[in-house]
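Remember, it's 1-based here, ligands and their atoms both numbered in the order they're listed.
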Amino acid sequence: MGNSADRPAIAFAFEQVRQRSVQLAEPLSPEDCCAQSMPDASPVKWHLAHTTWFFETFILEPREAHFQPFHPAFRVLFNSYYNGVGDKHPRPHRGLLTRPALHEVLAYRADVDRRIARLLAAQPADPELAALLELGLQHEQQHQELLLTDVKHLLAQSPLYPAYRDAPLSSSAPSAPAALAAWIDFDGGLAEIGHAGQGFAFDNELPRHRQYLAPFALASHLATNADYLEFIEAGGYRDPSLWLSEGWDKVKSGEMAHPLYWRRSDERGAGWQEFTLHGLQPLDPARPVTHVSLYEADAYARWRGARLPTEAEWEFAADDSRLAQMFGECWQWTASSYAPYPGFAPAAGALGEYNGKFMINQYVLRGSSCATPHGHTRASYRNFFPAGARWQFTGIRLAR
Ligand SMILES: [Fe+2]
């Protein structure tokens with residue numbers, strides 16, 4: 001990244017990624033962009049502003065001569081969780097920020113974009129600047145996925161079940177009859193786990209290290225809606241022996257009785273439907289089941305006489321061509337707690353808060369989803385969510 005010949009590449013990437021965020025908001029009204037459907041989800045407007053704040057705070061502020069913030073209040077309003085930067089606006093109240101208006105946030109984006117371009121033109125060969133820009137773009141791509149998952153959750157609250165857009169989100173072919181998942185065997189042994197090579201990786205994918213794996217098998221395909229419906233119809237949500245204690249509590253309290261966006265219609269013949277980014281659709285039996293918690297994934301696996309893979313098994317097997325749907329469908333829950341790899345060292349300063357401080361009470365998901373931006377996918381990628389999270393595109397690959 002360090003030489004000037006690479007400058008156009010990062011400048012081009014910057015333009016592309018920044019434009020894509022604005023494009024993702026285009027099907028939405030300003031009202032859509034302001035609302036927050038739950039504390040875990042953020043308004044679209046907040047995503048657009050916070051990703052801009054990241055570049056302003058971590059690149060422009062330390063590097064721009066005579067730095068002036070676009071607006072002094074934005075430093076607090078659009079700080080997500082960086083205590084090293086200072087105060088932050090409470091996360092559950094992001095949806096109450098009717099000001100700044102969407103058009104002001106778009107002006108904020110344009111201003112920061114101009115200033116970053118100017119900085120890059122003045123310091124074309126600065127490897128540290130290039131690395132920070134790359135991190136900022138990877139961060140923005142993570143928020144592009146969150147923007148879509150948060151919009152889906154928001155629109156799902158409306159009895160009108162509005163479509164985010166009419167065409168299906170995924171470019172994958174219409175589903176064929178459900179492929180019968182086969183068991184693919186792996187010998188295991190001493191495996192190298194973690195990011196290797198020169199490309200970008202987050203700090204949580206490092207350092208690469210060795211792990212011993214006993215022989216194991218993975219399902220060739222993700223569990224489908226039809227597979228999961230069998231579990232429901234067989235009384236899976238009524239059998240406490242299948243459930244982790246916290247999950248059973250949520251089943252008993254009525255919080256979970258089927259995947260998050262499934263609806264059972266009383267209208268004649270409609271049966272199960274699923275809310276999607278292109279509206280309410282008949283449940284497609286061949287598609288991978290998605291929007292399930294770790295509790296549900298784990299109970300389903302137990303009911304099938306199987307288990308969830310560990311993250312090391314998943315990564316070890318990831319480049320095997322006999323495995324389908326590893327990327328681009330749903331994030332796959334693993335049985336692995338989100339913990340530091342041996343020798344993990346977070347970055348210095350406030351950016352060290354990016355990943356390390358979240359390594360508690362969460363589980364690792366592997367792969368990528370239909371909402372993950374192109375080029376933001378790799379076998380060593382570690383996504384993570386609490387066991388009860390269901391609003392991400394989360395799915396199930398069985399292991400044994
Ligand atoms: Fe962020």
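For the pair R322 and F186, the cation-pi test (distance below 6.0 Å, angle within 45°) is passed.
R263 has no carboxylate O lying under 4.0 Å from a charged side-chain N of E274, or vice versa, which leaves the two without a salt bridge. At a threshold of 4.0 Å, the pair R63-E128 counts as salt-bridged, since one of the basic side-chain nitrogens sits closer than that to a carboxylate oxygen.
Shown are the protein N/O/S atoms under 2.8 Å from the Fe ion (ligand 1), given by residue and atom: H50 NE2, H139 NE2, H143 NE2.
Ring planes of F231 and W243: tilted class, angle from 30 to 60°. Ring geometry, F78 versus F74: the interplanar angle exceeds 60°, so the pair is classed perpendicular (tilted spans 30 to 60°).
Legend: residues meeting salt bridge (Lys or Arg N to Asp or Glu O under 4.0 Å) with R20, ordered by chain and number and at least two apart, are absent.
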